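Written out below as structure tokens is the structure these notes cover.
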Protein chains: 2
Amino acid sequence: MATSLHAHVVEHLGSRIVNGQIPRGSIILAAELEAKLQVSRSVIREAVRVLAQCGLVTSTKRVGIRVLGPEEWNPYDTQVIRWRLASEQRGAQLRSLTELRISVEPMAAELAAEFAPEAMRKELLLISAQMNHYGRQGDLRRFLELDIRFHCLVLAASGNEMFANLATPIAAILRGRTELGLMPERPHEEALAWHQSVAESISHLDALGARRNMESIMRRTHNEICSLWDGAPRVFVDPNTKK
Amino acid sequence: MATSLHAHVVEHLGSRIVNGQIPRGSIILAAELEAKLQVSRSVIREAVRVLAQCGLVTSTKRVGIRVLGPEEWNPYDTQVIRWRLASEQRGAQLRSLTELRISVEPMAAELAAEFAPEAMRKELLLISAQMNHYGRQGDLRRFLELDIRFHCLVLAASGNEMFANLATPIAAILRGRTELGLMPERPHEEALAWHQSVAESISHLDALGARRNMESIMRRTHNEICSLWDGAPRVFVDPNTKK
DNA sequence: TGACACCAATCTGTGCAGGCATAAAAATAA
DNA sequence: TTATTTTTATGCCTGCACAGATTGGTGTCA
């Protein structure tokens with residue numbers, strides 16, 4: 001048993017709700033769970049509290065534990081993202097995250113050029129140099145890890161904690177992209193050059209240049225992976241009716 | 001007692017941790033809480049689970065409940081945002097959210113122009129017309145509510161659930177701005193025109209126009225409220241050392 | 001003497017079982 | 001329809017046993 005009991009219950013219920021095995025509107029009784037999962041009430045209750053925090057369920061007296069629909073799920077919760085990536089909503093989740101990346105990273109580069117501490121600027125230069133090296137060599141494994149470090153570092157160097165916090169899901173996207181074989185055999189020269197230009201612009205406090213070059217990276221990234229989700233339907237929730 | 005017991009404990013501890021009354025690294029014992037807050041273990045434990053989910057604490061055997069630092073807090077959790085807005089980090093929180101808005105809303109407008117359902121396009125036109133009306137009249141209360149509906153609807157019309165989910169904190173920003181008297185007596189003509197242009201561009205499926213006009217709104221918005229946080233220090237967390 | 005590995009005591013969260021209180025849905029009566 | 005009672009599942013409390021991490025002591029060896 002790797003982790004705690006209640007974490008298992010969270011995982012069990014959360015993954016099933018997100019992938020649709022337990023549809024929206026279902027009513028679960030704590031007593032049923034107690035019997036089915038062979039755990040005590042306290043474990044169930046703590047798990048339900050956590051799931052309620054992610055917006056997956058609500059628990060009300062006399063009715064039980066009601067499963068909520070996707071509009072209520074917290075799309076920034078790391079567990080919810082993980083579960084969605086492992087479900088049929090994988091495409092929609094990748095699209096949302098990528099669109100968010102495309103929006104945020106150019107701004108992050110701009111802010112990094114303005115505010116990043118010296119050490120981070122230097123590290124970005126170093127990483128981009130290594131990306132050039134291993135990229136030209138065709139060492140995709142090393143390149144991937146450097147790519148992840150690069151983008152996460154730009155996000156952190158923006159000094160915006162909301163940006164920095166996107167590091168984990170963005171790393172997941174980048175890993176997924178190479179695992180799925182969506183990367184070319186060796187990175188394009190342009191892409192290498194853009195990464196280096198971003199690092200140099202940030203080093204030279206050139207906010208506009210940093211933004212422009214990051215935008216170029218984002219455009220190419222988008223083109224490379226948007227095929228993953230052409231099927232996935234978009235979800236429109238009218239904010240008036242929601243609450 | 002308005003809400004549930006454990007929600008009170010979450011509120012009590014969460015607000016105190018975020019505003020610094022309980023500093024990073026503090027060790028809290030469940031038994032102490034039980035005595036101090038006069039609630040039972042089960043309540044404490046469920047509250048701690050929720051707080052752990054937000055990244056405010058970790059709970060380990062033999063040591064107790066350890067309070068974590070701001071790098072660990074989930075900056076997208078609505079409660080964390082609320083607590084931060086009510087604390088001395090208010091400026092930093094406003095800045096983060098505004099930078100995120102500036103990044104996201106132009107893209108949201110672009111996507112809305114491409115994908116929004118007809119009903120939402122029409123409603124945007126309606127709202128922008130009403131904004132013109134009440135704006136010119138100087139009815140700031142009505143204007144504020146329309147402004148909120150407008151921006152939240154654009155986010156929803158993007159069909160990106162991560163964008164749509166930013167509605168609540170963005171509404172909080174907009175409300176805060178007028179409550180603090182940062183709005184001019186009556187909205188600028190330019191701002192009214194830009195909102196209308198966004199709505200029209202989206203109606204005409206003009207993605208680029210929607211983006212450009214929304215960018216104009218964002219630029220002005222930023223200039224109007226960036227004075228709120230010139231003091232607040234940026235936080236840079238090296239992603240390598242974090243974990 | 002001092003460094004290091006090993007073991008036992010202790011402390012605190014984790015999980016279990018069962019009890020009563022309470023709120024809200026459903027059934028019943030007016 | 002409206003008001004009242006009944007039903008029932010969660011909310012909350014408590015006592016107990018267990019697991020695992022820290023701490024300190026013990027013994028061995030250099």
Side-chain angles (χ1 to χ4, degrees), chain A residues 1-17 22-69 72-74 79 243, chain B residues 1-17 22-69 72-74 79 243:
Chain A
M1 203 173 299
T3 100
S4 62
L5 249 190
H6 98 271
H8 267 106
V9 177
V10 169
E11 189 66 28
H12 178 95
L13 286 177
S15 57
R16 264 155 238 260
I17 291 172
I22 311 180
R24 126 209 269 108
S26 304
I27 299 286
I28 310 175
L29 268 46
E32 290 175 9
L33 283 177
E34 219 173 307
K36 175 181 271 182
L37 303 181
Q38 295 289 332
V39 293
S40 71
R41 247 186 299 175
S42 53
V43 173
I44 299 287
R45 289 172 50 86
E46 287 166 33
V48 167
R49 283 278 113 78
V50 170
L51 292 170
Q53 180 74 3
C54 315
L56 297 197
V57 303
T58 57
S59 170
T60 48
K61 273 193 167 171
R62 172 58 218 249
V63 45
I65 300 155
R66 170 175 285 118
V67 176
L68 300 177
E72 303 293 334
W73 304 348
N74 179 356
Q79 296 184 105
K243 211 169 34 179
Chain B
M1 209 170 297
T3 110
S4 64
L5 255 188
H6 96 272
H8 268 107
V9 176
V10 169
E11 189 67 28
H12 178 94
L13 284 177
S15 57
R16 264 153 239 260
I17 290 172
I22 311 179
R24 170 224 300 290
S26 304
I27 300 288
I28 309 174
L29 267 47
E32 290 175 8
L33 283 178
E34 217 173 307
K36 174 180 271 182
L37 302 181
Q38 295 288 333
V39 292
S40 72
R41 260 176 305 161
S42 51
V43 173
I44 298 289
R45 290 177 43 171
E46 288 164 33
V48 167
R49 282 278 120 75
V50 171
L51 292 170
Q53 180 76 1
C54 312
L56 297 197
V57 302
T58 56
S59 164
T60 51
K61 278 188 172 147
R62 170 60 213 249
V63 46
I65 300 156
R66 169 175 284 119
V67 175
L68 300 177
E72 304 293 334
W73 303 347
N74 180 356
Q79 297 184 105
K243 213 171 34 183

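Order of the sequence lines sets the chain letters (A, B, ...), proteins ahead of strands, with each chain counted from 1. Everything numeric in this text was worked out from a predicted model, so none of it was measured.
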[X] [atom1] to [N] [atom2], straight-line distance once rounded to whole Å:
| X | N | atom1 | atom2 | answer |
| --- | --- | --- | --- | --- |
| A/Leu33 | D/dA9 | CG | C1' | 13 Å |
| B/Leu5 | C/dA23 | CG | P | 12 Å |
| B/Glu46 | D/dG11 | CD | P | 7 Å |
| B/Ile44 | C/dT14 | CD1 | C1' | 15 Å |
| B/Arg49 | D/dG11 | CZ | C1' | 18 Å |
| B/His6 | D/dG11 | NE2 | P | 8 Å |
| B/Leu29 | C/dT10 | CG | C1' | 13 Å |
| A/Ile27 | C/dA26 | CD1 | P | 10 Å |

Examine the base of [N] for any acceptor or donor lying under 3.5 Å from a partner atom in the side chain of [X], and report the outcome as yes or no.
| X | N | answer |
| --- | --- | --- |
| B/Arg41 | D/dG15 | yes |
| A/Arg45 | D/dT10 | no |
| A/Arg62 | C/dT22 | no |

Evaluate the side-chain proximity of [Y] to [X]: yes if any heavy-atom separation is below 4.5 Å, no if none is.
| X | Y | result |
| --- | --- | --- |
| B/Leu33 | B/Leu13 | yes |
| A/Gln53 | B/Cys54 | yes |
| B/His12 | B/His8 | no |
| B/Val9 | B/Val39 | yes |

Query raised in the report: Contact class for A/Ser59 vs. all strands (heavy atom < 4.0 Å): base, sugar-phosphate, or nothing?
Result: sugar-phosphate
